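Report on the structure given below.
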Amino acid sequence: MKEPKLKEKRWSKDIEKEIYLKWKEEEPYKFDLQSENPVFSIDTPPPYVNMPVHIGHVTTYILMDMMARSRRMLGYNVLFPLGLDRNGLPIEMEAEKRFKVSLTKISRKEALKLCRKILEEASLASVESFLKCGISFNSWKIGPGIGEIYLTDSDEYRALTQATFIELWRKGLIYEAERVNNFCPGCGTTIADAEVVYEEKLTLFNYIKFKVKETGEDIVIGTTRPELLCSCAIILFNPSDDRYKHLEGKTAIVPLYEKEVLIKAHPIADPEKGTGLVMMCSFGDLTDVRFFREMGLKPIIAIDSDGRMNENSGFLFGLSVEEAREKIIEELKNKGLLVKQEKVMHRTPVCERSGHPIEFIALKEFYLKQVEFKEDMLELANQLNFFAPQSRQILIDWINSVSIDWPISRRRVYATEIPLWYCKSCGEAILPEPGKYYQPWNEPAPVEKCPKCGGKEFVGEERVFDTWFDSSITPLYILGWHRPGGIFDRVKRCSLRPQGKEIIRTWLYYTLLKCYLLTGERIFDDVWVNFHIVDEKGYKMSKSKGNVIKPEELLDRFGAEPIRLWAAVEGDITKTDFKCSFERIGGAAKTITKLWNVARFISIFDKCDKPEKLCMLDKWILQELNKLIKLARKSYGKYDFHVPAIKLRHFLWETFASHYVELVKRRAYNSEGEFSQAEQRSAIWTLYECLRLMLLLFAPILPMISYRIYSVLFGKDVHKESFPSELPKEEIPFSTEQLIELNKNIWKKKKDAGISLKDPLNKFEIPKEFKEIEKDLTSCHNLREVVWV
RNA sequence: GGGCCCGUAGUCUAGUGGCUAUGACGUCGCCCUUACAAGGCGGAGGUCGCCGGUUCGAUUCCGGCCGGGCCCACCA
């Protein structure tokens, strides 16, 4: 027997390693600035550097890689860069935890030093995992070039963030205002609505006794925020609530503080809630804010920007909100003013990053106008192609819910600085020229004299940007907008934004908004929105649940190709979550082995040229494969790898391996000389041709195994080949189903007769449609006599 | 309270107004048949969530319900 040209007995992650290290070294997927081909650009989500890579990242980047690889084979010049997010609170929070300091309480330079330390230590684990997965990023080097790995805290990136601010400022789209907004005491900064999430928390609903001044009667008010008693401005009941009609216009006395407040009917009070009486405090939530504004009530601010109670709260002064709540409850209890307490589940607004409950505090912040652009944003949302189409609605719902402009300034340290200085004498804001990275707190103003008053002294702005203000320009950055050598002017927009559905209201929305305000157009053609990877039981993976599956663990156990096949075969992640199951990934690994074995078998034969005329059986299998070529071309273009992967796998195991290979084997060997040389050549050529086409179809999904087999057997890089076009149509006298049925019948008959598959069968009836493949049939099944029917 | 999505064998999944509902994993039985036992062959397993309607005919279209997930909203 001949030696297979594929030496290794089976596929292994060691072979994978050889290949990805070679790719890392040679960078075969480098973005080609000279190419004339149409550009296909992918705005890859930049993962946070200091967080461990989640299996969800790995899976979605694998799917993005399939998109990149298939577009390359379809003739596009693909821009597929990796970015790493290094700005903002996650870094700062880790620094605070690790070094046990509050970054806002130490010197700014010191604080930045600690953050840089965290960043230095943050291993490039994510980069390493992506490499092992065979992801075809343009480059593995960090740098400013188009396609290179970019860091969101690099001077280049921050300079661009600042340039966008300067431009938006000049367009009059940014203003500063003091208004009550979401404030996270944990982070010590204002945050946007998009960063607020709600958590069901068990809270005590406290029933507190007030006295009515005029009648001396007691009334009872339920509240979850007793610590705000000092800021109580009015007490409301519903106009339809007969229990309290007699209280209209009377005065209540706030317990402990002995302050007098009005009692009034107002539809905002719900008779069903608590006792039907509600106290309005400044501020328990944003409704209160609105209410105070509408009623012209003067708010009493009880919580300061450090999250502690201020002098207005009297005996609670200096306590944190939680401490204050405990203390005041204690005090109310002691004085017999607390009637009862109920435990209620309460939807509490918390900060998405720190998990700290939100307070409502007025601070001066910069805002980017967005409310007046809602209609434009809805229009953009309708112009985009969403994959899956249902995801569009999530964006539309969010746009419709926008009610205030976007607060973009933050009182933190490790983020892009707001590039502004102020004249010390007249307060005029001084804007620098765009194009450079500025640190106003650390460097002199860009002007000598104030253009307004001629003053010569300036003070630098200390606030920084919301991280989303940085993240919302990734497409502009990767396309090199406003950058020499960039391709933005040529391509105008980014082809594809792939991202998770949980960041539609932040990353997608803000990117569309900002790029629209800057360029006047939609920045993407397509948006691909993915669901998530959950554990085997369907629960979200989290550290606290201890159900996190690390990608490294999977890569170690299976290698990348089985994970990649699983990612395609498991389901449609734009419509549903994937359950991560070792069993299923292991199942995918079998297909990798099968592909390897099939190729190894074919590699036994010496490749030959295409014969003049192909045998009917060979024409048939090529027509079968042609169906897959058609399907894959269509589906890959729509980012659907699921259906083609399933069909490809089935073709490989069933149609090709079980039926075609079994039937053609003896003709390919032709060890007894029963076939002509032309017939033998037809078999061998077709085996190779099928393998070649299968590898081309599999290449975007299984890049490493297809790369290896293709280079050994065909001497070329499969990823530099064009995607196969449809084959010319041939008439086949029998159907695939008929043929499979026929084979199965013969196998079954032999089995029932208790004879071996290679034993002869004396008489067998075969439909005459198969006449043209008679020799293959009789030889394969060892049929002595065929009765044609 | 409003909205969106989902519901097909133990698990995952394809699919369509019409043949006996697709395929995989798992499971059971038999088999080392010379590429592959990480294999081959064969079998079991389903009222396509429930109830109505449209239709000659519904898993598919429509309405309602139940179950699951997500998002939004002023429940103090």
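These numbers come from the heavy atoms of this one structure, side chains and all, not from hydrogens, waters or symmetry mates. Keep in mind that this is a model prediction, so the values were computed, not measured. Sequence lines set the chain letters: A, B, ... in the order given, protein chains first and strands last, and positions in each chain run from 1.
One P atom belongs to B:U13, the other to B:U54, and the distance between them is 33 Å to the nearest Å. Separating the C1' atom of B:C12 from that of B:G7 is a span of 14 Å, rounded to the nearest Å. As rounded to the nearest Å, B:G23 and B:G15 have C1' atoms that lie 11 Å from one another. When the C1' atom is used for both B:U27 and B:C66, the distance is 31 Å, rounded to whole Å. For B:G69 and B:G63, the C1' atoms lie 23 Å apart once the distance is rounded to whole Å. Using atom C1' as the reference point in both B:A21 and B:G64, the two lie 26 Å apart (nearest Å). Of the P atoms belonging to B:U60 and B:U55, the separation is 16 Å, rounded to the nearest Å. If you take atom P in B:A24 and the same atom in B:A44, they sit 15 Å apart, rounded to whole Å.
In this structure, the side chain of A:Q393 does not engage the main chain of A:Q390 through any donor-acceptor pair within 3.5 Å. Looking only at distances, no side-chain donor or acceptor of A:R600 sits under 3.5 Å from a matching main-chain atom of A:P4. Counting only distance, with no hydrogens or angles, the side chain of A:S603 and the backbone of A:K5 share a donor-acceptor pair below 3.5 Å. Side-chain atoms of A:T576 never come within 3.5 Å of backbone atoms of A:I573 as a donor-acceptor pair (strictly under, hydrogens ignored).
Among the heavy atoms of the strands, none lies under 4.0 Å from A:W596. The residue A:A269 sits close to a base: some heavy atom pair falls under 4.0 Å. Counting non-hydrogen atoms under 4.0 angstrom, A:S658 reaches the backbone sugars and phosphates but no base. Among the heavy atoms of the strands lying under 4.0 Å from A:R649 are primed sugar atoms or P, OP1, OP2 only; no base atom is included. Contacts of A:V569 with the nucleic acid, taken as non-hydrogen atoms under 4.0 Å apart, are absent. Among the protein residues, A:R584 comes within range of the nucleic acid bases, having at least one heavy atom under 4.0 Å from a base atom. If you check every strand for non-hydrogen atoms under 4.0 Å, A:M279 touches sugar and phosphate atoms only. Heavy atoms of A:A657 sit under 4.0 angstrom from at least one base atom.
Rounded to an integer number of Å, the gap from A:F531 CZ to B:U13 P is 12 Å. Rounded to whole Å, the distance from CD1 on A:I394 to C1' on B:C5 is 8 Å. Across the protein-nucleic acid pair, A:I399 atom CD1 and B:C4 atom P stand 17 Å apart, rounded to whole Å. Here the P atom of nucleotide B:C5 and the NE2 atom of A:H532 are 17 Å apart, to the nearest Å. With rounding to whole Å, A:N597 atom CG is found 11 Å from B:A38 atom P. For A:R392 and B:C72, the CZ to P distance is 19 Å, given to the nearest whole Å. Nucleotide B:C5 holds its P atom 13 Å from the CD1 atom of A:I504, rounded to whole Å. Nucleotide B:G40 holds its P atom 10 Å from the CG atom of A:L652, rounded to whole Å.
Proximity note for A:E570 (side chain, C-beta onward) versus B:C5, B:G39, B:C12: the nearest is B:C12. Nearest nucleotide to the side chain of A:W398, out of B:C72, B:U13, B:C4: B:C72. For A:H650, counting side-chain heavy atoms from C-beta on, the closest listed nucleotide (B:G23, B:C70, B:A35) is B:G23. With B:A73, B:G42, B:A14 as the choices, the nucleotide that has an atom nearest any side-chain atom of A:H642 turns out to be B:A14. Between B:C25, B:A35, B:A14, one nucleotide has an atom nearer to the side chain of A:Y669 than all others, and that is B:A35. Comparing B:A73, B:C70, B:U13 against the side chain of A:S401 picks out B:A73 as the nearest. With B:A24, B:C25, B:A35 as the choices, the nucleotide that has an atom nearest any side-chain atom of A:E583 turns out to be B:C25.
Between A:Y509 and the choices A:I394, A:I503, A:I399, the side-chain contact (heavy atoms from CB on, under 4.5 Å) rule is met once, by A:I399.
Sequence order on RNA chain B of the closest nucleotides to A:P271 and A:V643 puts A:V643 first from the 5' end. Residue A:T576 is the one, among A:T576 and A:T223, whose nearest nucleotide of RNA chain B lies closer to the 5' end (criterion: closest heavy atom).
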- Message: Under the criterion ring pair (Phe, Tyr, Trp, His ring centres under 6.0 Å), I'd like the reasoning laid out for A:H642 against A:W566: C-alpha separation, chi angles, the key distance, then a yes or no.
- Response: CA-CA 9 Å; A:H642 176 55; A:W566 169 79; over 10 Å; no
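Contact annotation: A:K750 side-chain N/O to B:G42 OP1/OP2 distance is not under 4.0 Å. Regarding contacts with the backbone of B:U34, every side-chain N or O of A:K665 stays at 4.0 angstrom or more from both OP1 and OP2.
Under the 30°/60° scheme for interplanar angles, the aromatic rings of A:Y207 and A:F205 are found to stand perpendicular. Note on ring orientation: taking the six-membered ring where Trp is involved, the planes of A:H781 and A:W747 are perpendicular (angle over 60°, cut-offs 30° and 60°).
If you check distances only, the side chain of A:K579 never reaches the base of B:C12 with a donor-acceptor pair under 3.5 Å.
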